[in-house]
Amino acid sequence: MKAIDLERELARHSESTIRAIESRRIDLAKRRLAAYPRFARAFLEAAAERGVVFSDESAPSVSILDWPTPLQIADYAKRGAMAAVSTQNSELLSEGAYLPAHFLELSVTHGDFLFYTEMSRLYPRILSLAYESPTPAANQQMMDLSWSPLSNFCRYRLVPLLRDSALEEASSYVSQTIGVFSDLMDVAMNHSDPETFSVLGREMDRLFETLATHRLTNDVLRDLIPYERNERLQVWFESGAWSMYSRVMAEGTPAPSPSEREVVEESQIDRFFNEAAQRFHTLGDLSRAYFQSLYRHSRGALWRRWVRESLADGRPRRDVFDQLRNRFYCLAGLRLVMAGKSDPISANREARFRKEAIESVLSEMRQSPERWMKFLPAFETADLSENSPMTLEWATERFSQLYDAAIRQWDSLREEQILEASMDPSRKESFRRDCSEAWQHNAWFLSLFHQYGQMRNEQAEPDAKYAVIHSLVPKEAFIADQGTMFVALGQSAGVRLAGEVTEDLMADLEAACAKLERARIETVAAEVLPWSYGMNHPVVILVGRLDVQEAFLARSEFESSWSEPNPEFSDGAYIGRLGKAPVFQVFNDNIDKVLVVDLAKVGALIHFRPPDHEYNGLRIRVDAINRDDAEELSSKYPDLKPESSSSDSNSVGGQEEVIRWLRLQADVSVAVKLEFEDLPSDAGVVIPVVPTQS
């Protein structure tokens with residue numbers, strides 16, 4: 001059958017299905033609704049023959065332009081299901097609510113996620129429709145059917161079907177199903193219905209309680225059970241944080257845009273909060289959910305709406321979203337501390353980065369405890385006298401101590417990983433590349449000689465001396481780990497080398513120049529002109545503050561670099577031309593002077609390329625520091641120690657601290673060897689500049 005004929009037949013079937021539903025021809029409507037899963041099965045079998053499988057990753061990106069048939073089948077099936085549910089006829093309502101479950105089973109048996117994703121979204125829509133129903137009986141039936149078909153499918157069909165699935169596939173179905181319950185709970189929150197919210201949460205917690213009894217392979221079962229548990233706790237954390245959003249809205253700041261004002265009634269906020277908070281029995285569980293929420297995208301709609309939530313000016317406020325997570329985390333954590341739970345908070349790399357935000361929330365709670373009493377049952381019933389240990393001050397301090405312990409634990413674990421890890425060649429290569437690029441861009445002195453054909457490359461001797469910059473860089477920067485990022489290390493080294501080498505070469509060049517009498521700022525440009533006109537290849541170098549540059553910019557003979565259509569020099573030091581001489585600016589807050597040099601008299605600038613560790617003419621070494629190296633460095637440089645250390649480096653403990661710190665560093669050296677072939681005594685002149693007399 002041609003595609004256009006198939007589309008026409010699907011449309012006709014949909015029209016007749018809707019007519020049967022609207023006319024209450026119940027048996028015909030049931031038969032027509034039952035046909036949709038058969039259409040889907042036929043498509044999936046045909047697609048499988050062509051090697052097409054809609055994976056968890058590919059399903060959300062399927063376009064109706066690429067694959068119209070499956071999306072049309074799903075769309076027509078959803079229309080029919082919602083039409084049946086909307087009749088509020090008991091039989092049709094049940095038929096419509098169970099239709100998605102038939103698709104879900106079909107999807108799992110064919111390893112398909114497209115129909116699973118599309119059809120499972122119906123259940124939150126059914127619950128939303130239930131809140132609009134004026135009929136109490138139909139309302140209750142719709143509420144029950146918004147989750148029971150999915151719950152029954154999961155408990156009695158999905159779990160057995162996962163028996164032969166790989167962990168990745170099984171995890172995706174688990175996550176998708178829990179995500180639908182997240183959306184259902186979100187609908188209940190939006191309608192300030194804590195009773196339904198509680199029922200949905202209880203059912204979500206029971207969805208996969210039979211995993212261990214269905215004989216999944218041990219490897220899959222070992223990983224799937226904690227994964228499913230973490231997914232559920234993530235939903236509870238999201239829900240609790242959303243109740244904090246409602247709290248913020250109830251306080252009036254910040255105000256959301258009118259179209260997004262989906263908040264819980266103020267009188268119900270604490271009920272939703274308590275329902276979510278009581279699901280966390282340990283600080284470890286709570287902290288894992290918190291840290292996971294910082295870098296994880298939930299399958300449910302809740303956090304997607306957070307992302308697009310905006311203020312009246314339409315600008316996203318992620319800082320507000322972070323505040324909600326921080327508030328729920330701290331309040332739920334304080335509840336556990338007040339209940340006597342002091343288990344360790346799970347170590348996580350994010351803990352240190354979030355420390356300031358957590359302390360800010362705890363400080364806010366200490367300053368205005370009355371705002372938070374309703375969220376802390378133990379606080380309401382505690383003896384709040386000065387002698388009572390159960391005070392908010394005590395609880396926040398204890399929570400802060402446990403949080404700090406998690407930071408220390410993570411630092412210790414991370415340090416051990418760094419000490420044992422080998423440095424990643426690709427990261428070392430990235431450092432060398434960035435360093436070389438920054439060097440080339442900032443070593444304008446070399447480009448000047450290169451432009452005039454006065455650069456020469458030679459091979460350096462093995463024992464040659466170089467201009468070197470040494471630095472200790474965290475070894476972590478050179479370890480393959482997606483969770484770490486060190487910005488501009490290579491660029492910084494290249495810029496520093498270029499600055500130091502240029503300064504040294506200019507000092508050599510200045511020593512070969514005659515020193516003239518001082519000139520005032522406003523007259524120095526006029527004094528430079530005669531000298532430049534008398535040279536074959538004049539170059540003017542300004543050393544000083546912007547005042548000197550402005551004196552040149554004011555001359556009619558000066559042409560700024562930005563006015564040149566094709567500047568001869570593209571680096572940042574070049575500012576334009578005075579007559580025929582290119583002018584370069586080197587900033588210095590302490591000395592004002594002008595060099596006028598005839599490059600025709602200066603011999604070649606020789607670049608000696610290193611025989612080892614060579615990278616575009618630089619010698620770049622990045623080496624790990626072992627214990628022997630660390631002991632040697634600490635003996636050679638007794639004042640070398642981490643800035644945060646307060647230990648005496650001469651004591652045994654202090655010495656070990658320094659050695660351990662050094663082993664966490666990488667020894668980085670960047671070197672270059674440049675020399676003038678010849679510097680005659682009449683290479684040019686130096687004109688000191690004095691400020692204008694006021």
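Reckoned from all heavy atoms, side chains included, excluding hydrogens, waters and symmetry mates.
- Side-chain contact check for S151 and E203: at least one donor-acceptor pair (N or O, by modelled atom type) lies under 3.5 Å.
- F328 and F280 have perpendicular rings, their planes meeting at more than 60° on a 0 to 90° scale where under 30° would count as parallel.
- Using a 4.5 Å heavy-atom threshold, the side chains of E95 and I26 count as separate.
- Here the two rings, on F153 and Y98, have centers that are 6.0 Å apart or farther.
- Between the side chains of R32 and S16, at least one donor N or O sits under 3.5 Å from an acceptor N or O.
- Using a cut-off of 4.0 Å between Lys/Arg side-chain N and Asp/Glu carboxylate O, D75 and K78 are scored as not salt-bridged.
- Looking at R12 and E9, a side-chain N of the basic residue comes within less than 4.0 Å of a carboxylate O on the acidic one, giving a salt bridge.
- When side chains are defined from C-beta on, P194 does not count as touching E275, because their heavy atoms never get closer than 4.5 Å.
- Between Q141 and Q88, every side-chain heavy-atom pair lies at or beyond the 4.5 Å cut-off.
- Between F39 and H13, the ring center distance clears the sub-6.0 Å criterion.
- Taking SG from C154 and CD from Q176, the interatomic distance works out to 12.0 Å, rounded to the nearest 0.5 Å.
- For the side-chain contact (heavy atoms from CB on, under 4.5 Å) criterion with T109, the lone passing option out of L104, L44, L161 is L161.
- Between the side chains of Y156 and T210, no donor-acceptor pair of N or O atoms lies under 3.5 Å.
- We find that R31 and D27 are not joined by a salt bridge, their nearest charged nitrogen and carboxylate oxygen being 4.0 Å or further apart.
- No side-chain donor-acceptor contact under 3.5 Å links Y329 and R354.
- For R121 and D183, the salt-bridge test fails: no basic side-chain N is under 4.0 Å from an acidic carboxylate O.
- Between R271 and E195 there is a salt bridge, with a side-chain nitrogen of the basic residue lying less than 4.0 Å from a carboxylate oxygen of the acidic one.
- For the pair L122 and V85, the minimum side-chain heavy-atom distance is 4.5 Å or more.
- Salt bridge annotation for E22-R19: absent, with no cationic side-chain nitrogen under 4.0 angstrom from a carboxylate oxygen.
- Checked against the 6.0 Å centroid criterion, the rings of Y36 and Y76 do not qualify as a close aromatic pair.
- Defined by atom type and a distance below 3.5 Å, a donor-acceptor pair is missing between the side-chain atoms of Q234 and N230.
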CA sep, side-chain torsions, deciding dist, call: D424, S426, side-chain hydrogen bond (donor to acceptor under 3.5 Å, both in side chains): CA-CA 5 Å; D424 179 21; S426 65; 2.5 Å; yes
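- Counting only N and O atoms by type, the side chains of Y131 and N190 include no donor and acceptor under 3.5 Å apart.
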